[in-house]
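Structure first, commentary second.
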Amino acid sequence: MMLVALLSLLIWIGLLAFRDQFWLARDTDEAPVPDPAQWPAVTAIIPARDEAEVIGRAIASHVAQDYPGTFRIVLVDDGSSDGTAAIAQGTAQGSDRLTVIAGTPPPSGWTGKLWAMRNGVERAGDAPHYLWFTDADIAHAPDTLRSLVARSECDGLVLNSLMAELRCDSLAEKAMIPAFVLFFQMLYPFRLVNRPQAKLAAAAGGCMLVRREALAKAGGLAVIADAIIDDCAMGETMKRQGPIRLSLTRRSVSLRPYGGWGEIVAMISRSAYAQLGYSPWMLAGTMIGLPLMFVAPVWLALFGYGGAWLCGVLAWAAMAVCYQPMLRFYRQSPFWGLAMPAIGMVYAAATCLSAWQHWQGRGGMWKGRAQARGT
């Protein structure tokens with residue numbers, strides 16, 4: 001029992017002290033940067049498939065961008081059946097920024113989203129200096145693009161990505177969504193991602209400003225054609241071309257409600273097994289490690305004694321402390337930190353579900369498509 005207690009406590013001490021301070025949530029886009037001498041041309045590329053509920057607000061936020069340079073928007077209608085394209089066109093009526101094109105069916109070896117993005121890149125051509133890949137369920141503050149370009153030009157970035165603020169209204173969202181971002185940062189500490197000398201790379205697919213020539217030099221979107229976690233694959237690809245940056249933001253917000261527990265578990269399970277490289281051995285290790293991290297401290301704190309009890313209490317306290325900065329960012333009660341053990345095990349269950357769905361040929365399910373490789 002004492003060995004388990006020490007291992008559990010050491011894991012949390014290691015995460016708090018030696019994982020590039022991921023949990024402090026300090027890597028944001030709030031620091032001001034000077035305007036560039038010239039504002040380069042940008043084309044936003046928005047893949048959309050059955051997004052009628054949110055596309056109007058998303059397009060309106062793009063049309064309203066306060067960007068001094070040339071700015072165009074290409075919406076790729078990826079086989080929608082709910083009038084997504086018509087709503088987008090109606091929203092942008094009176095603006096010459098938006099072009100709507102019909103996407104073509106994805107060929108073998110491509111996920112639907114990445115193929116739609118490829119359609120958008122082809123339509124944009126060689127005119128833009130930057131491509132702004134963003135999702136159809138993300139709304140941006142009017143100064144978002146201006147801020148992205150200024151930072152990219154100032155720091156010479158080939159990729160500048162913002163982790164959009166996710167919806168956090170329902171009980172399930174309050175419990176699970178801040179943890180989703182925390183666990184992402186645990187895997188991909190933003191300070192490490194942003195360090196040019198470090199190999200670790202990542203991005204957030206809801207908002208990625210990419211230098212077009214650098215993407216072409218990397219081989220284009222074809223390099224990541226079958227990636228389920230396409231944003232992190234984009235980060236890895238672009239970091240081989242130059243500096244990248246990933247930040248938390250309040251400028252870009254998700255319009256999509258995740259609703260109840262089932263919807264959130266489905267969201268996690270779409271990519272959890274892909275995160276493990278579809279490896280049964282990685283899955284087994286994860287299913288051993290997560291209970292050690294999240295279950296053991298509670299068990300020891302409630303039923304242990306002596307040194308084991310103390311280790312359990314300290315480990316539980318450490319995970320609660322680890323959660324506090326992200327809870328503040330999402331304006332949630334600090335008491336959610338005490339629920340971290342239960343939250344962590346929900347994520348463990350979703351990871352098991354993700355593996356099961358992959359083995360059943362339903363991996364990476366999104367908008368009626370099973371996109372995980374091997375399906």
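Just the heavy atoms: all of them, side chains too, but no hydrogens, waters or symmetry mates, feed the values below.
Sorted by first and then second residue, the side chain to side chain donor-acceptor pair (under 3.5 Å) pairs with a member in residues 79-88 read Asp50-Ser81, Asp77-Ser80, Asp82-Thr84; sequence neighbours excluded. Pairs passing the ring-ring contact (aromatic ring centres under 6.0 Å, His included) check and including a residue from residues 7-56, sequence neighbours excluded, read Trp12-Phe294, Trp39-Tyr67. For the side chain to side chain donor-acceptor pair (under 3.5 Å) condition, the pairs that include at least one residue of residues 179-194, sequence neighbours left out, are Gln21-Arg191, Tyr188-Gln275. Sorted by first then second residue, the side chain to side chain donor-acceptor pair (under 3.5 Å) pairs that include residues 318-334, not counting sequence neighbours, are Glu165-Arg331.
A donor-acceptor pair under 3.5 Å is formed between the side chain of Ser61 and the backbone N or O of Ala58. A donor-acceptor pair under 3.5 Å is absent between the side-chain atoms of Ser269 and the main chain of Leu353, judged by distance alone. A donor-acceptor pair is defined here as one N or O able to donate and one able to accept, closer than 3.5 Å; such a pair exists between the side chain of Thr134 and the backbone of Gly206. A donor-acceptor pair under 3.5 Å is formed between the side chain of Thr144 and the backbone N or O of Ala141. Side-chain atoms of Arg72 never come within 3.5 Å of backbone atoms of Val42 as a donor-acceptor pair (strictly under, hydrogens ignored). Of the possible donor and acceptor atoms, one in the side chain of Ser354 sits under 3.5 Å from a partner among the backbone N and O of Tyr273. In this structure, Lys199 contributes its side chain and Glu236 its backbone to no donor-acceptor pair below 3.5 Å. A donor-acceptor pair under 3.5 Å is formed between the side chain of Arg19 and the backbone N or O of Leu187. Not one N or O on the side chain of Glu153 forms a donor-acceptor pair closer than 3.5 Å with the backbone of Ala150.
Salt-bridge check for Glu122 with Arg118: passed, with a basic side-chain N closer than 4.0 Å to an acidic carboxylate O. Between Arg251 and Asp29 a salt bridge is recorded (basic side-chain N to carboxylate O distance below 4.0 Å). Salt-bridge formation is not detected for the pair Lys113/Asp78: no Lys NZ or Arg NE/NH1/NH2 atom is positioned less than 4.0 Å from an Asp or Glu carboxylate oxygen.
Between the OG atom in Ser254 and the CG atom in Leu166 there is a gap of 5.5 Å [rounded to 0.5 Å]. The distance from atom CD of Gln65 to atom CZ of Phe71, rounded to the nearest 0.5 Å, is 5.5 Å. The distance from the SG atom of Cys352 to the CG atom of Leu290 is 9.0 Å, given to the nearest 0.5 Å. Put simply, CZ on Phe190 and CG on Leu24 are 13.0 Å apart, with the number rounded to the nearest 0.5 Å. Taken to the nearest 0.5 Å, the CD1 atom of Ile45 stands 4.5 Å off from the CZ atom of Phe133.
A continuous path of Ile, Leu, Val, Met, Phe, Trp and Tyr side chains, each step under 4.5 Å between heavy atoms, connects Val295 with Met319, placing both in one hydrophobic cluster. Both Phe184 and Leu15 are assigned to one and the same hydrophobic cluster, defined by single-linkage of ILVMFWY side chains at heavy-atom distances under 4.5 Å. Phe183 and Ile288 fall into different hydrophobic clusters, where Ile, Leu, Val, Met, Phe, Trp and Tyr are joined by side-chain heavy atoms under 4.5 Å apart, directly or via other members. Cluster annotation: Ile177 is connected to Leu182 through the hydrophobic network of ILVMFWY side chains, with a link wherever side-chain heavy atoms come within less than 4.5 Å. Both Trp359 and Leu276 are part of a single hydrophobic cluster, where members link through side-chain heavy atoms under 4.5 Å apart.
At least one side-chain heavy atom of Val149 sits under 4.5 Å from a side-chain heavy atom of Pro40. Here the side chains of Pro36 and Cys154 are not in contact, with every heavy-atom distance at 4.5 Å or above. Side-chain atoms of Gln89 and Ile59, non-hydrogen and from C-beta on, never get closer than 4.5 Å to each other. You'll find the side chain of Leu221 reaches within 4.5 Å of the side chain of Val121, heavy atoms only. Using a 4.5 Å heavy-atom threshold, the side chains of Tyr278 and Ile228 count as touching. Between Thr91 and Leu98 there is no side-chain heavy-atom pair separated by less than 4.5 Å. Side-chain atoms of Ile244 and Val193, non-hydrogen and from C-beta on, do get closer than 4.5 Å to each other. Proximity of Leu148 to Leu162: side-chain heavy atoms (C-beta onward) are separated by under 4.5 Å at one or more points.
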Open item on the list: With side chain to side chain contact (heavy atoms under 4.5 Å, CB included) as the criterion, how do Met208 and Leu159 come out once you've worked through the C-alpha distance, each side chain's angles and the decisive distance to 0.1 Å?
Closed with: CA-CA 7 Å; Met208 300 186 296; Leu159 167 65; 3.9 Å; yes

- [ ] Report the C-alpha separation of Met163 and Cys207 in whole Å, then their side-chain angles, then the decisive distance to 0.1 Å, and conclude whether the side chain to side chain contact (heavy atoms under 4.5 Å, CB included) test is met.
- [x] CA-CA 7 Å; Met163 172 68 76; Cys207 182; over 6 Å; no

Task: Evaluation steps, side chain to side chain contact (heavy atoms under 4.5 Å, CB included), between Ile46 and Ile73 - done: CA-CA 8 Å; Ile46 310 171; Ile73 307 161; 3.7 Å; yes

TODO: Begin from the C-alpha positions of Tyr305 and Trp309 and carry the test ring-ring contact (aromatic ring centres under 6.0 Å, His included) through to its verdict.
DONE: CA-CA 5 Å; Tyr305 54 89; Trp309 172 84; over 10 Å; no

Open item on the list: Between Leu7 and Met293, is the side chain to side chain contact (heavy atoms under 4.5 Å, CB included) condition met? List the steps.
Closed with: CA-CA 9 Å; Leu7 283 174; Met293 288 177 64; over 6 Å; no

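The two atoms that bring Asp27 and Leu246 nearest to each other are CB-O, 4.4 Å, heavy atoms only. Counting all heavy atoms, side chain and backbone alike, Leu145 lies closest to Leu209 at CD1-CD1, 4.1 Å. Leu9 and Leu314 get closest at one heavy-atom pair: CD1-CB, 3.7 Å. Residues Arg256 and Arg167 share a closest heavy-atom pair of O-CG, 3.3 Å. Nearest heavy atom pair, residue Thr28 against residue Ser247, reads C-CB, 3.7 Å. The two residues Ala204 and Ser161 have their closest heavy-atom pair at N-OG, 2.8 Å.
By the salt bridge (Lys or Arg N to Asp or Glu O under 4.0 Å) test, Arg245 pairs with no residue at all, sequence neighbours left out. Checked against side-chain hydrogen bond (donor to acceptor under 3.5 Å, both in side chains), Thr237 has no partners two or more places apart in sequence or in another chain.
Around atom CZ of Arg57, more than 12 heavy atoms belonging to other residues, nucleotides or ligands sit under 6.0 Å away. Remark: Arg123 CZ is loosely packed, at most 12 non-hydrogen atoms of other residues, nucleotides or ligands lying under 6.0 Å away. Within 6.0 Å of atom CE in Met282, 12 or fewer heavy atoms from other residues, nucleotides or ligands are found, so the atom counts as exposed in its surroundings.
Under the 6.0 Å distance and 45° angle rule, Arg250 counts as a cation-pi partner of Phe329.
Defined by atom type and a distance below 3.5 Å, a donor-acceptor pair is present between the side-chain atoms of Arg211 and His129.
Relative orientation of the His140 and Trp132 rings is tilted, given thresholds of 30° and 60° on the angle between their planes.
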